[in-house]
Structures are given as structure tokens and as C-alpha cells.
*Asks:* 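Please find one structure pasted underneath; my questions will follow.
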Amino acid sequence: MRMKNNGQISIVLNSQKRNSVRDTLKPDSLPQSQPLPQEHVALKEIEEELGALVGMEEMKKMVKEIYAWIYVNKKREAMGLKAGKQALHMMFKGNPGTGKTTVARIIGKLFLKMNVLSKGHLIEAERADLVGEYIGHTAQKTRDLIKKSLGGILFIDEAYSLGRGGEKDFGKEAIDTLVKHMEDKQHEFILILAGYSKEMDHFLTLNPGLQSRFPLVFHFPDYSVDQLMEIGKRMLDEKQYVLSSDAERKIRDHLHSAKNSLSPMAFSNGRYVRNILEKSIRTQAMRLLLENCYSKNDLITIRSNDLIFSKGNIESL
């Protein structure tokens, strides 16, 4: 977690590199985690949900810190102390399939349980949902979307696309409308903008008021092959399937190859794995039908010949 000069807090999730300052700290100098009192049921429930995600260690820590800040602020307010509200608009930077939408939903649930949001729902949007076809249309569409998001979270994926059309594009009108309502209704909804890191950095330069309005910036790095394998196993376990040893070896080798040959933007991480496994389940069903084999072991086992890798596994979104 890094504090920038503009006041933003930048968090790197699931990073395999350790912060140099953290490396210098001795274990006994770090605060020891204490069991939470029974009253913190909301946090416990959210922690269990986050625990089901692979990696995300820094995110899990940051969610607890946000919870603590909100909870202590309420205690200060009860004691008659100053407890100023802070805007909680966020920016998620990372490649596809790294868990951005999933984390946004979990944050919405936490803020609902803590009465930070009155509804806690998540509205997912993209450029087409905000940008209109004529002057004035965009501002109205954007206002309507914000109105639907009140009490919850407005999550805009590939937000940088709003600024790709140049000066005469209506996307700039959407950005200006968002900036205005982020200030006017900053405690009535939370805006989360998501997209590729480099593109989002450029996007922040398109409006002078954008960067200062996102106090929390989260970086979602790509998953390692081991983490992708764990994600795949959890997906299959939920559907009551298992990989044979040959299938496991085959998919691991393929993931190594895909990560090395595809650009970071083309390799969709967890989504890439999900697409492979869903295709393998359909292939397995056809194989069992032709072989007329329906033992329990046959029904649950994905074999190496059920794994078919094609261009359909490669997506840019």
C-alpha cells in the first residue's frame, strides 16, 4: 500500500514481490491479529466470502482496515467526537479475469451490512450504457444510471473507453457528469471505475477533477499458474468434477504456454480457465454418451482428451 502525493492510497493485490519496508520489519514488531468480538459478525461473514477467493491477500487486509475505520468513526460519533465522512470511490486497475467485479460485489455487501450504503446493490455498466447519440443525451443517460445506483455501487468496466473518441466524442460529457455527481452525491453511492492499468492512468488525465476523487486505487495483478490451477479446481469441485492426473498436467502445461505466448491483455486469467473447463465438461458429456459409460467415476472425471484448446479460449475481454 503506497500513499501518493495527491492523497491517493494505492494498493497492490496478490503481489509476489514484497515491499522493501516490510522486509525490514521483524515479525515481533508487527501487530498480532486478535480474535474479533462477537459484534463484528458483518466483517466475519465478508472475510469468509473473501476467503473463498484465491490470492487477494492485500485486498482482504484492506477490507478489514476499511471496516475498522468506519466502525471506529461510528464510535467517535457516539462519543460526540468529530467523525467526518470520507468518499469511498475506488479505481480497480488490472487485466481481465483478475477478480475486479467479484470484489466490487463483496464490497457492496460489506457496506450494506455496515449501513454505509442503504441497498448495497451493484450496477454494472460500460460505455454504451452512458454515452448517447446526440448532444444532451449522454448527460441524461449518465444521470439515470447514477440514480439507479443510489444506495449502492456503480461499477464501470473499461472506463477508459469513455475518453477514446476525442474532443467531439460524447464520452467526455459522460466523464464530466460523473465527476459532478461524485461530488454532489459522494455519500449516496460509490463509483468504481475499472480497466487496464496503463489506459486508466491516461483516463485520469482527461478531467482535472478525476484523480483527486478516487482515494482508493487497487491494483489486480495477473494470477500465477499455480493460482489458476487452484481456481480451476475450485470451479470443478463446486460442480462435482475432478481432473485426472493426465488432465491436470495437460492443463497446467497449456496455461504456462498461454501466459508466455499471449499478451497480458489477451490472457483473461480466471475467465480463461473457466472457459476451458466449461468446454471440457461438454466434451466429456459427449464422450460418455458415445462410450455408454456412466459409472460415478466416469461421470465426475475430466480426462486429458476432454481438454480441447482452441482460439475460442483466447479472449480480449
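Here the structure is a predicted model, which means the values were calculated and not measured.
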*Asks:* Between His89 and Phe214, what is the ring plane arrangement, given parallel below 30°, perpendicular above 60°, and tilted in between?
*Replies:*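 The arrangement is perpendicular - the two ring planes meet at more than 60°.
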
*Asks:* Report yes if some heavy atom in the side chain of Ile175 is under 4.5 Å from a heavy atom in the side chain of Phe203; otherwise report no.
*Replies:* yes

*Asks:* I'd like to check Glu65 versus Lys61 (side-chain heavy atoms, cut-off strictly below 4.5 Å). Are they in contact?
*Replies:* yes

*Asks:* Write down the atom of Ser304, the atom of Ala247, and the distance for their closest heavy-atom approach.
*Replies:*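 Answer, listing the atom of Ser304 first, then Ala247: N-CB, 3.6 Å.
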
*Asks:* Around atom CD of Glu291, are there more than 12 heavy atoms of other residues, nucleotides or ligands at under 6.0 Å?
*Replies:* yes

*Asks:* Check the hydrophobic clustering (I, L, V, M, F, W, Y; side-chain heavy atoms under 4.5 Å; chains of links allowed) and say if Val131 and Leu206 are grouped together.
*Replies:* yes

*Asks:* Any side-chain heavy atom of Ile106 sitting closer than 4.5 Å to one from Leu53?
*Replies:*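 With C-beta onward as the side chain, the pair touches.
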
*Asks:* Are Tyr223 and Val273 packed together at the side-chain level, in the sense that at least one heavy-atom pair is separated by less than 4.5 angstrom?
*Replies:* no

*Asks:* So, for Ser161 and Arg127, which heavy atoms are closest and what is the spacing to 0.1 Å?
*Replies:*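 So the two residues come closest at O-NH1, 2.9 Å.
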
*Asks:* To the closest 0.5 Å, what do you measure between CG (Leu145) and CG (Leu154)?
*Replies:* 5.0 Å

*Asks:* Show the nearest heavy-atom pair for residues Ser118 and Gly151, with the distance to one decimal.
*Replies:*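 Distance-wise, the nearest heavy atoms are OG-CA, 3.3 Å.
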
*Asks:* Report the distance from atom CD1 of Ile156 to atom CD of Glu126, rounding to the nearest 0.5 Å.
*Replies:* 10.5 Å

*Asks:* Would you please name every residue forming a salt bridge (charged side-chain N to carboxylate O under 4.0 Å, His left out) with Arg234, sequence neighbours left out?
*Replies:*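 Glu230.
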
*Asks:* Partners of Lys75 by side chain to side chain contact (heavy atoms under 4.5 Å, CB included), sequence neighbours excluded?
*Replies:*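 If we apply the side chain to side chain contact (heavy atoms under 4.5 Å, CB included) test to Lys75, skipping adjacent residues, the hits are Glu39, Tyr71.
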
*Asks:* Counting only heavy atoms not in Gln140 (residues, nucleotides, ligands), do more than 12 fall under 6.0 Å from its CD?
*Replies:* yes

*Asks:* To the nearest 0.5 angstrom, please state how far the CG atom of Asp246 sits from the CD1 atom of Ile302.
*Replies:*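 Answer rounded to 0.5 Å: 13.5 Å.
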
*Asks:* Testing Glu47, Glu45, Glu49 one by one against Lys109 for a salt bridge (charged side-chain N to carboxylate O under 4.0 Å, His left out), which residue passes?
*Replies:*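 That would be Glu49; it is the only one of Glu47, Glu45, Glu49 passing the salt bridge (charged side-chain N to carboxylate O under 4.0 Å, His left out) with Lys109.
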
*Asks:* Please determine whether side-chain contact (heavy atoms from CB on, under 4.5 Å) holds for the pair Tyr67 and Ile46, giving the CA-CA distance in whole Å, both sets of side-chain angles, and the decisive distance to 0.1 Å.
*Replies:* CA-CA 10 Å; Tyr67 173 90; Ile46 294 301; over 6 Å; no

*Asks:* Once you round to the nearest 0.5 Å, how far does CD of Gln284 lie from CG of Leu307?
*Replies:* 10.5 Å

*Asks:* Within the side chain of Glu173, is there an N or O that forms a donor-acceptor pair under 3.5 Å with the backbone of Phe170?
*Replies:*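 Between the backbone of Phe170 and the side chain of Glu173 there is no qualifying donor-acceptor contact (under 3.5 Å).
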
*Asks:* With distance as the sole test, does Asn275 use its side chain to make a donor-acceptor pair with the main-chain N or O of Tyr272 at under 3.5 Å?
*Replies:* no

*Asks:* Side chains of Lys279 and Ile276: does their closest heavy-atom pair fall under 4.5 Å?
*Replies:*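 When only atoms from C-beta onward are counted, Ile276 and Lys279 do not touch, as no gap falls below 4.5 Å.
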
*Asks:* Step through the shown structure and confirm whether more than 12 heavy atoms of other residues, nucleotides or ligands are within 6.0 Å of CD on Glu48.
*Replies:* yes

*Asks:* Tracing side-chain links under 4.5 Å among I, L, V, M, F, W and Y, which residues wind up in one group with Val242?
*Replies:*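 When side chains under 4.5 Å apart are linked, the cluster holding Val242 also contains Ile300.
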
*Asks:* Give the C-alpha distance, both sets of side-chain angles, the deciding distance and a yes or no for side-chain contact (heavy atoms from CB on, under 4.5 Å) between Ile66 and Ile107.
*Replies:* CA-CA 10 Å; Ile66 292 174; Ile107 288 175; 5.9 Å; no

*Asks:* Does Asp144 come within less than 4.0 Å of Lys148, counting only side-chain N to carboxylate O?
*Replies:*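 Answer for the salt bridge query: no.
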
*Asks:* Considering non-hydrogen atoms only, spot the tightest contact between Asn305 and Arg287 and give its length.
*Replies:* ND2-CD, 3.6 Å

*Asks:* With sequence neighbours left out, write down each residue that passes side chain to side chain contact (heavy atoms under 4.5 Å, CB included) with Asn297, or none if nothing qualifies.
*Replies:*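 Counting only residues at least two positions away or on another chain, Asn297 forms a side chain to side chain contact (heavy atoms under 4.5 Å, CB included) with Ser295, Thr301, Arg303.
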
*Asks:* List for me each residue that meets side chain to side chain contact (heavy atoms under 4.5 Å, CB included) alongside Ser245, sequence neighbours excluded, and say none if there are none.
*Replies:* none

*Asks:* Would you say Met286 and Ile308 are hydrophobically clustered, going by side-chain heavy atoms of ILVMFWY under 4.5 Å?
*Replies:* no

*Asks:* Do NZ/NE/NH1/NH2 and the carboxylate oxygens of Asp226 and Arg252 come within less than 4.0 Å?
*Replies:* yes

*Asks:* The criterion is side-chain hydrogen bond (donor to acceptor under 3.5 Å, both in side chains); which residues satisfy it with Asp253, sequence neighbours excluded?
*Replies:*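 By the side-chain hydrogen bond (donor to acceptor under 3.5 Å, both in side chains) rule, Asp253 matches no residue at all.
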
*Asks:* Using only atom types and a distance under 3.5 Å, with no angle test, would you say the side chain of Gln211 pairs donor to acceptor with the backbone of Thr205?
*Replies:* no

*Asks:* Hey, any chance Trp69 and Phe218 share a hydrophobic cluster, counting ILVMFWY side chains that come within less than 4.5 Å of each other, even indirectly?
*Replies:* yes

*Asks:* Output all residues satisfying salt bridge (charged side-chain N to carboxylate O under 4.0 Å, His left out) with Glu124, sequence neighbours left out; order by chain, then residue number.
*Replies:*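 Testing Glu124 for salt bridge (charged side-chain N to carboxylate O under 4.0 Å, His left out), a comparison that skips the adjacent residues, returns Arg105.
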
*Asks:* Using residues 178-193 as the side-chain source, report each donor-acceptor pair under 3.5 Å to any protein atom, sequence neighbours left out, with the distance given to one decimal.
*Replies:*
| from | atom 1 | to | atom 2 | distance (Å) |
| --- | --- | --- | --- | --- |
| Lys180 | NZ | Asp184 | OD2 | 2.6 |
| His181 | ND1 | Thr177 | O | 3.0 |
| Glu183 | OE2 | Gln186 | NE2 | 3.4 |

*Asks:* With heavy-atom distances below 4.5 Å as the criterion, would you say the side chains of Lys250 and Phe309 are in contact?
*Replies:*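 Yes, at least one pair of side-chain atoms sits under 4.5 Å.
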
*Asks:* Begin from the C-alpha positions of Lys239 and Leu277 and carry the test side-chain contact (heavy atoms from CB on, under 4.5 Å) through to its verdict.
*Replies:* CA-CA 11 Å; Lys239 297 176 181 291; Leu277 295 180; over 6 Å; no

*Asks:* In chain order, what residues pass the salt bridge (charged side-chain N to carboxylate O under 4.0 Å, His left out) check against Glu199, with sequence neighbours excluded?
*Replies:* none

*Asks:* Which pair of heavy atoms, one from Ile153 and one from Ala104, lies closest together, and at what distance?
*Replies:*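 Where Ile153 meets Ala104 most closely, the heavy atoms are CD1-O, 3.6 Å.
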
*Asks:* Once salt bridge (charged side-chain N to carboxylate O under 4.0 Å, His left out) is applied, do any residues pair with Lys233, and if so which ones, sequence neighbours excluded?
*Replies:*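 Salt bridge (charged side-chain N to carboxylate O under 4.0 Å, His left out) list for Lys233, sorted by chain: Glu248.
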
*Asks:* Just verifying a value: how many Å separate Asn95 CG and Ser197 OG, rounded to the nearest 0.5 Å?
*Replies:*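 The OG atom of Ser197 is 7.0 Å from CG of Asn95, to the nearest 0.5 Å.
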
*Asks:* In the hydrophobic clustering (ILVMFWY, side-chain contacts below 4.5 Å, transitive), which residues join Met79, or is it alone?
*Replies:* Leu81

*Asks:* Roughly how far, to the nearest 0.5 Å, is CZ of Phe92 from OG1 of Thr101?
*Replies:* 9.0 Å

*Asks:* Any idea which heavy atoms bring Leu117 and Gly152 closest together, and the distance?
*Replies:*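 Smallest heavy-atom distance, with atoms named: CD2-O, 3.7 Å.
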
*Asks:* Are any side-chain N or O atoms of Thr138 and backbone N or O atoms of Gly132, one a donor and one an acceptor, separated by less than 3.5 Å?
*Replies:* yes

*Asks:* Side-chain contact test, heavy atoms from C-beta onward, threshold under 4.5 Å: evaluate it for Asp201 versus Lys93 and give yes or no.
*Replies:*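 SC-SC contact between Asp201 and Lys93 confirmed.
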
*Asks:* Can you list the residues that meet the side chain to side chain contact (heavy atoms under 4.5 Å, CB included) rule with Lys259, with sequence neighbours excluded?
*Replies:* Asp222, Val225, Leu228, Phe267

*Asks:* Do Ile123 and Leu112 share a hydrophobic cluster (ILVMFWY, side-chain heavy atoms under 4.5 Å, transitive)?
*Replies:*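 Looking at the clustering, Leu112 is in a separate group from Ile123.
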
*Asks:* Between Lys100 and Asp157 (salt bridge meaning N to carboxylate O under 4.0 Å), is one present in this structure?
*Replies:* no

*Asks:* Is Lys74 reaching over with its side chain to a backbone N or O of Met114, donor-acceptor style, under 3.5 angstrom?
*Replies:* yes

*Asks:* More than 12 non-hydrogen atoms from neighbouring residues, nucleotides or ligands closer than 6.0 Å to NE2 on His202, yes or no?
*Replies:*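 Atom NE2 in His202 is not packed in, count stays at 12 or less.
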
